[in-house]
Amino acid sequence: MSYCNPEYYLIILPIAILIYGIAPKKIRPIFLILYSYAFFWAISGKLLVYLIVSTFSIHHFGLWLNNIKQERDLVLKDADKEQKKEIKEQFKKKEKRVLLLAILIHIGCLVFLKYTPFFLTNINNLFKLLNINTIIKVPKFLVPIGISFYTLQAVSYMVDVHNEKITADTNLGRLALFMSFFPQIMEGPIVRYSDTAEKLWEGSPINYHNLTFGSQRIIWGLLKKMVIADRLNPFIKEIFTNYSNYTGGLILLGAICYTIQLYCEFSGTMDVVIGSGEIFNVEYPENFKQPFFSKTINEFWRRWHITLGTWFRDYIFYPVSLSKSMKKLTLWGRNKIGNHLGPLLAGAVALFCVWICNGLWHGAAWTFIVFGMYHFVIILVENIFEPYIAKLCEKIHINRQSKPYGLFQMIKAFFLIVIGELIFRATDMKATTMIKSIFTNFKISSITLKALSKAGLPQSEIIVAVITLIIILIVSILREKGINIREEIAKKPIVLRWVIYYLLILYVLTFGAYGVNYVPVDPIYANFDGGVIYEKI
């Protein structure tokens, strides 16, 4: 199942819209819960139990944390000023123990299901290397789709209750809908309770504006997924599978195409998800903001998979970097190596934690760990050298605000991104050989129409892909300039407006890569949970 499959936007979503639209307001949230559970059961079967248990768990722990806070407030009322600090500290410790237990249960379940085979396989490999005649049996688990996404949502809810950003919800149904809403259960975005819970439970009616704007967003997502991501798939599979048959030039082009494919597949899916939510009057946070206009890798990750990045920032980077031990490290660093490098020590530790988690979140494989460490090193180097580069540019009179310098930065960042995505896509650590070929066997002359056609990208496909990418680029530039294209189209006369809509639909139907000659790209981010539906690891 994919949100870009015909079954979703021709059957599943329309049925939901129809029944929701005719149901009484009070019944709508209940319908959405039942429909979402039915959807999850259809794609994951009995593994629905994990989602249900997770929902009951966060409901219980949220109320537990809330009761501790209420008890604290009652005790503080009758306490002297001298006692209050000690009382607060006692209850804080109690809350932390409850929160830690809650996090361990949820993250522990995720780690156990998703990473146990990986860890045990590596232990067996180590035993083999050390000539230890012991083999640990590697178990097989069924991993529920979406577990990485809804687990992070569950953790964010409990931490936010603990930090008093939100109040624990006594309504189990509202929590269940927040955790399970069918348009985002498989691939995110990773939302906070405060983002969607109340809106989902309101049962707002479907109106013309939301229906048309949501449908626009869905069609735009299908264009990116079906016309670009699926079209480039045969060429990318050929290059990454048989890379030894190609020169560095074609390998680099394959890596560039994969980077574009990954963006179009995932951001296209997010367009479908956000558009689906918009129809039900639910505003999801944006997950992509023109990432290829980034001038640094740090900026790129503020624009790419934004909800995952902000989750790691708020729940890993800040807690680690602001912990007592890191504050001591920062103070020591300032005294020993200065005000620039000193604070970077604690930042580097927190950044390492973020990127080792980021790599492993994407999958239980060494390629993902290397992918994470690659970005950790680049971002750390950027942070270290930024002031020195600024001084150098000032000394040799280079205007860092000029368009040529900005373009140079974007090209540099894009190249580093492409190498990172090559590592991300390559299997069995083949990335080293492929990168080596790019730098030692690069032949621009090898990139010919004949060679591309032989590798699965004939001229007709190139033309369609290039034209569509130009359309996407123009839209991206306008968005970067702050122009809301959908609002601008909505201002046009109704005839022109609907001509644009129908042209977009016709374009997807005409040039979408579907049919007997195409194999659609599997949902790439849904696969990080173990399989498109689920599979044995």
Side-chain angles (χ1 to χ4, degrees), residues 2-6 8-9 187 215-240 250 252-275 286-294 300 303-305 414 417-418 420-422 424-425 447 449 452-453 455-480 485-486 500-501 503-527 532:
S2 162
Y3 292 119
C4 294
N5 280 4
Y8 176 78
Y9 56 83
E187 296 190 64
S215 299
Q216 291 169 23
R217 192 72 186 259
I218 289 170
I219 296 164
W220 180 247
L222 293 176
L223 179 140
K224 288 195 278 189
K225 168 68 167 67
M226 295 174 65
V227 181
I228 296 295
D230 290 349
R231 175 164 269 100
L232 296 178
N233 201 38
F235 173 69
I236 293 163
K237 287 181 73 174
E238 171 61 23
I239 294 296
F240 276 86
L250 278 167
L252 178 59
L253 182 60
I256 291 170
C257 286
Y258 176 68
T259 304
I260 293 169
Q261 180 197 45
L262 185 62
Y263 170 72
C264 287
E265 196 280 331
F266 192 28
S267 72
T269 300
M270 287 300 98
D271 288 328
V272 175
V273 170
I274 292 170
E286 293 292 340
N287 224 15
F288 293 88
K289 288 186 179 176
Q290 297 76 252
F292 297 123
F293 291 131
S294 304
F300 174 80
R303 291 168 172 257
W304 177 286
H305 206 344
F414 183 73
I417 291 160
V418 167
E421 299 303 353
L422 187 154
F424 187 82
R425 172 65 170 77
I447 306 175
L449 289 175
L452 291 172
S453 180
L457 197 61
Q459 186 175 350
S460 59
E461 303 286 52
I462 295 171
I463 292 170
V464 173
V466 169
I467 291 172
T468 309
L469 285 172
I470 290 171
I471 295 170
I472 293 171
L473 177 62
I474 292 169
V475 171
S476 298
I477 291 171
L478 292 173
R479 283 180 176 172
E480 191 71 5
I485 299 165
R486 294 198 294 164
I500 294 170
Y501 299 158
L503 283 175
L504 187 59
I505 294 169
L506 187 62
Y507 191 89
V508 174
L509 290 174
T510 305
F511 298 110
Y514 56 88
V516 292
N517 296 323
Y518 296 99
V519 178
V521 183
D522 286 339
I524 296 173
Y525 270 71
N527 271 330
V532 177

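- Residues Leu452 and Leu253 are in side-chain contact: their nearest non-hydrogen atoms beyond the backbone lie under 4.5 Å apart.
- Remark: of the listed residues Lys289, Lys224, His305, Lys224 is the sole one forming a side chain to side chain donor-acceptor pair (under 3.5 Å) with Ser267.
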Verdict with supporting geometry, Phe511 and Ile467, side chain to side chain contact (heavy atoms under 4.5 Å, CB included): CA-CA 11 Å; Phe511 298 110; Ile467 291 172; over 6 Å; no
Just do the side chain to side chain contact (heavy atoms under 4.5 Å, CB included) check on Leu422 and Val418 with the steps written out, would you? CA-CA 6 Å; Leu422 187 154; Val418 167; 5.6 Å; no
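- Closest approach of Ile228 and Cys264 over heavy atoms only: CG2-SG, 3.5 Å.
- Looking at Phe414 and Phe300, their side chains never come closer than 4.5 Å, going by heavy atoms from C-beta outward.
- At least one donor-acceptor pair under 3.5 Å links the side chain of Thr259 to the backbone N or O of Ala255.
- Taking CD from Glu286 and CG from Asp271, the interatomic distance works out to 7.5 Å, rounded to the nearest 0.5 Å.
- The line from CZ of Phe293 to CZ of Arg303 is 8.0 Å long, rounded to the nearest 0.5 Å.
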Give the C-alpha distance, both sets of side-chain angles, the deciding distance and a yes or no for side chain to side chain contact (heavy atoms under 4.5 Å, CB included) between Leu262 and Phe424. CA-CA 10 Å; Leu262 185 62; Phe424 187 82; 4.2 Å; yes
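- Side-chain contact between Phe266 and Asn287: present, with at least one pair of heavy atoms (C-beta onward) separated by less than 4.5 Å.
- Among all heavy-atom pairs drawn from Cys4 and Val272, the shortest one is SG-CG2, 4.0 Å.
- Distance check: Ile417 CD1 to Phe292 CZ gives 6.5 Å after rounding to the nearest 0.5 Å.
- By the neighbour-count criterion of 12 heavy atoms within 6.0 Å, atom CD of Glu480 is densely surrounded, having more than that number from other residues, nucleotides or ligands.
- In this structure the side chain of Arg425 reaches within 4.5 angstrom of the side chain of Ile236, judged on heavy atoms.
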With side chain to side chain contact (heavy atoms under 4.5 Å, CB included) as the test, would you mind laying out the steps for Ile472 and Trp220 before giving the verdict? CA-CA 9 Å; Ile472 293 171; Trp220 180 247; 4.1 Å; yes
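- Taking 4.5 Å as the limit, some side-chain heavy atom of Ile477 sits within range of a side-chain heavy atom of Leu473.
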